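Just so you know, these numbers come straight off a predicted model, no measurement behind them. All ligand and atom numbering here is 1-based and tracks the order in the structure.
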Amino acid sequence: MSSKLSTFVCQNCGSESSQYFGRCLNCNSWNSIVEEIKSKRSKYQDIKNHKKSIPFNEISSKKISRFTSGFREFDRVLGGGIVPGSVVLLGGEPGIGKSTIVLQSAGKISLNEKVLYITAEESLEQVKIRWERLNQNSNDLQIFAETNLSQIIGEIKRVNPSFAIIDSIQAIHNHEMQSSPGSVSQVRECSSELQNLAKDNNISLLIIGHVTKDGSLAGPKTLEHLVDTVINFEGDNISSHRLLRSIKNRFGSTFEIGIFEMLEEGLREIKNPSSIFTNKENISGVTTTITNEGTRPLAVDIQALVNKTFYSNPRRTTTGISINRLHQILAVIEKHVGIKLSEFDCYIATGGGFEINDPSSDLGVAISILSSLKNIPPLANSSFIGELGLSGQVRKSNNLRTKIEEAVRLGIKNIVVPKLEEELNNNFQNLINIKEISNIKEAVDYSLSK
Ligand code: TYD
Ligand code: MG
């Protein structure tokens, strides 16, 4: 039998087939299939030193001691720091600041731990220039510029660091495979080799992966199940804010976020993020809601602009919330507040374009729409929390207590919420004026009366 095996791999989703197709049968993308030749070798025949299973009670349950990444925000997203022997995938668009955050972090970690930074994209001099710009003061960071996987593995074994960084997975290659660097099979093969190395030697590994413009982790998408933690670095190149968001985490909660600002001298963490997404102005069309991102409550402004339409189909656009959510909220307002919105365009934007996934922002969206439509500012110094049910009721929101606490911390005076347990309301007496409502109509009557 031939030792070379040819397969056709979709570069978009990673599905394999034995023949070429113009369109991937799995993800339907066009011209994404590439022939890849793998050398066929069995990995199972030459196992010499068999490992043995052990009874559960022989495992000591001593706490894993994580080490800090040097950034509190980064640690939070990781679930409280870096777990020894874990593999983290950091994804993000090119130019968003992945190399920057990782180099800053590496500098800080290397004050206490042995760190090896492997750069496959930039030369040593280029990294040095960035290093100087970032004002780092560690002298012990080891750096290695290489793209060949076996060289990289050799060097990791030699240095035996506590923390190693691969920048980036798309730039390295295993020379035993013929496909080019960045192809799905290269990315997959290189990561699994690196992951085995990390697990065997208890090295924490951070792998950087580029994400394509449309948001899919091309190549790295196929790695998500391999690694312990997947983190996305988001933001746009225009505003200076950057968000770390955990998508998967074996050692912490998901959807945790960390917020940074990109400055001339690198990234700085933002300690009070609610302040950057809110303005505290009392003008028509703007409300504040408190959403939950991971374990953290966050105040975000919602702005609406409602105008008489000149189109046969009114325009509906959103930034930061999903368009389907807006359609649903508009339908609930039409039906249960009795306002005909089909003659109006409706634009919604969250403060700073922050992406809100928490459904309890519905009430804030609805009130901002009606406030803009009626041209009446909402109740001053207030915040709105509640998910809108299809029959107009305001449904319970999760983590309501932490949300109210955040409102108190921010000095918000009024908060409109779904019906609470009595005990919760008593907790906040004298701190904030809590208005409990059960449906959208009540909320509108309370918040938008002149
Ligand atoms: P980089 O970390 O190279 O991005 P990635 O590794 O994700 O591709 O960041 C590049 C951008 O960051 C670049 O446009 C310049 C900007 N930047 C700063 O604004 N300040 C800095 O101190 C550094 C190092 C970069
Ligand atoms: Mg980079």
Side-chain angles (χ1 to χ4, degrees), residues 69-71 73-74 77-78 87-110 115-138 141-149 152 163-173 181-182 186-187 190-191 194 205-221 223-224 227 229-247 257-270 276 352-353 355:
S69 65
F71 286 112
E73 293 290 290
F74 200 172
V77 176
L78 289 166
V87 182
V88 177
L89 174 66
L90 176 66
E93 285 178 13
I96 202 75
K98 300 181 295 299
S99 304
T100 308
I101 189 170
V102 163
L103 192 60
Q104 279 180 276
S105 188
K108 293 176 199 226
I109 299 170
S110 66
V115 181
L116 175 62
Y117 181 98
I118 295 151
T119 168
E121 291 186 351
E122 290 159 18
S123 67
L124 294 175
E125 292 72 27
Q126 286 167 328
V127 179
K128 183 76 184 184
I129 295 170
R130 172 176 292 142
W131 177 258
E132 280 167 1
R133 182 170 173 186
L134 296 173
N135 244 335
Q136 297 284 318
N137 53 13
S138 158
L141 178 66
Q142 286 277 350
I143 176 151
F144 188 53
E146 183 55 66
T147 56
N148 186 326
L149 182 69
I152 291 172
F163 187 52
I165 295 151
I166 309 285
D167 186 1
S168 67
I169 190 71
Q170 278 107 338
I172 64 175
H173 67 278
Q186 278 284 5
V187 164
C190 292
S191 331
L194 286 165
L205 189 67
L206 189 144
I207 299 175
I208 291 181
H210 292 294
V211 175
T212 50
K213 268 277 179 257
D214 65 2
S216 61
L217 274 149
K221 190 87 198 156
L223 306 183
E224 287 189 356
V227 300
T229 306
V230 181
I231 295 177
N232 251 359
F233 204 30
E234 306 169 355
D236 52 55
N237 294 324
I238 304 152
S239 89
S240 59
H241 294 124
R242 301 283 184 274
L243 243 77
L244 274 182
R245 195 188 286 273
S246 77
I247 297 175
I257 60 166
I259 303 174
F260 295 83
E261 189 175 10
M262 179 67 98
L263 303 171
E264 265 304 299
E265 60 284 352
L267 287 151
R268 197 190 61 194
E269 14 188 9
I270 293 187
I276 60 171
E355 192 183 316

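Contact annotation: for Lys98 versus ligand 1, heavy atoms closer than 4.0 Å belong to both the backbone and the side chain. With a 4.0 Å heavy-atom cut-off, ligand 1 is reached by the backbone of Ser99 and by its side chain too.
Although no hydrogens or angles enter the test, the distance criterion places no donor-acceptor pair under 3.5 Å between the side chain of Lys108 and the main chain of Leu103. Looking only at distances, no side-chain donor or acceptor of Ser110 sits under 3.5 Å from a matching main-chain atom of Val115. No donor-acceptor pair under 3.5 Å is formed between the side chain of Glu132 and the backbone N or O of Ile129.
Here the heavy atom of the protein found nearest to atom 2 (O) of ligand 1 is Thr100 OG1, 2.6 Å. Ranking protein heavy atoms by distance to atom 23 (C) of ligand 1, first place goes to Arg133 CZ, 3.7 Å.
Within a 4.0 Å radius of atom 18 (C) of ligand 1, the protein contributes one or more non-hydrogen atoms.
Interface atoms of ligand 1 facing Glu264, defined by a heavy-atom separation under 4.0 Å, are 20 (N), 21 (C), 22 (O). Each of the following atoms of ligand 1 lies closer than 4.0 Å to a heavy atom of Glu265: 22 (O). Counting atoms of ligand 1 from 1 in the listed order, those under 4.0 Å from a heavy atom of Pro94 are 8 (O). Of all the atoms in ligand 1, the ones that sit under 4.0 Å from a non-hydrogen atom of Met262 are 12 (O), 16 (C), 17 (N), 18 (C), 19 (O), 20 (N).
No N or O atom of Glu122 sits closer than 3.5 Å to an N or O atom of ligand 1. Below 3.5 Å of separation, one finds an N or O of Arg130 facing an N or O of ligand 1.
Closest heavy-atom contact between Ile101 and Leu90: CG2-CD2, 4.2 Å. Leu263 and Arg268 make their closest contact through CD1-CB, 3.9 Å (heavy atoms, listed as atom of the first residue, atom of the second, distance).
With no hydrogens or angles considered, a side-chain donor-acceptor pair links His210 and Glu121 at under 3.5 Å. For the residue pair Asp167 and Ser99, a side-chain donor N or O sits within less than 3.5 Å of a side-chain acceptor on the partner.
Looking at Leu263, Val211, Ile96, Val102, it is Leu263 that brings a heavy atom closest to atom 20 (N) of ligand 1. For atom 8 (O) of ligand 1, the candidate residues are Gly266, Gly97, Gly95, Gly91; the nearest heavy-atom contact is made by Gly95.
Between the CD1 atom of Ile208 and the CD1 atom of Ile166 there is a distance of 9.5 Å, given to the nearest 0.5 Å.
For Phe260, the ring pair (Phe, Tyr, Trp, His ring centres under 6.0 Å) partners are Phe71, not counting sequence neighbours. Residues passing the side-chain hydrogen bond (donor to acceptor under 3.5 Å, both in side chains) test with Gln142, sequence neighbours excluded: none. For Glu146, the salt bridge (charged side-chain N to carboxylate O under 4.0 Å, His left out) test picks out no residue, with sequence neighbours left out.
The set of protein atoms (N, O or S) found at less than 2.8 Å from the Mg ion (ligand 2) reads Ser99 OG, by chain and number.
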For Arg242 and Glu234, run salt bridge (Lys or Arg N to Asp or Glu O under 4.0 Å): C-alpha distance rounded to whole Å, both residues' side-chain angles, the deciding distance at 0.1 Å, then the answer.
CA-CA 6 Å; Arg242 301 283 184 274; Glu234 306 169 355; over 6 Å; no

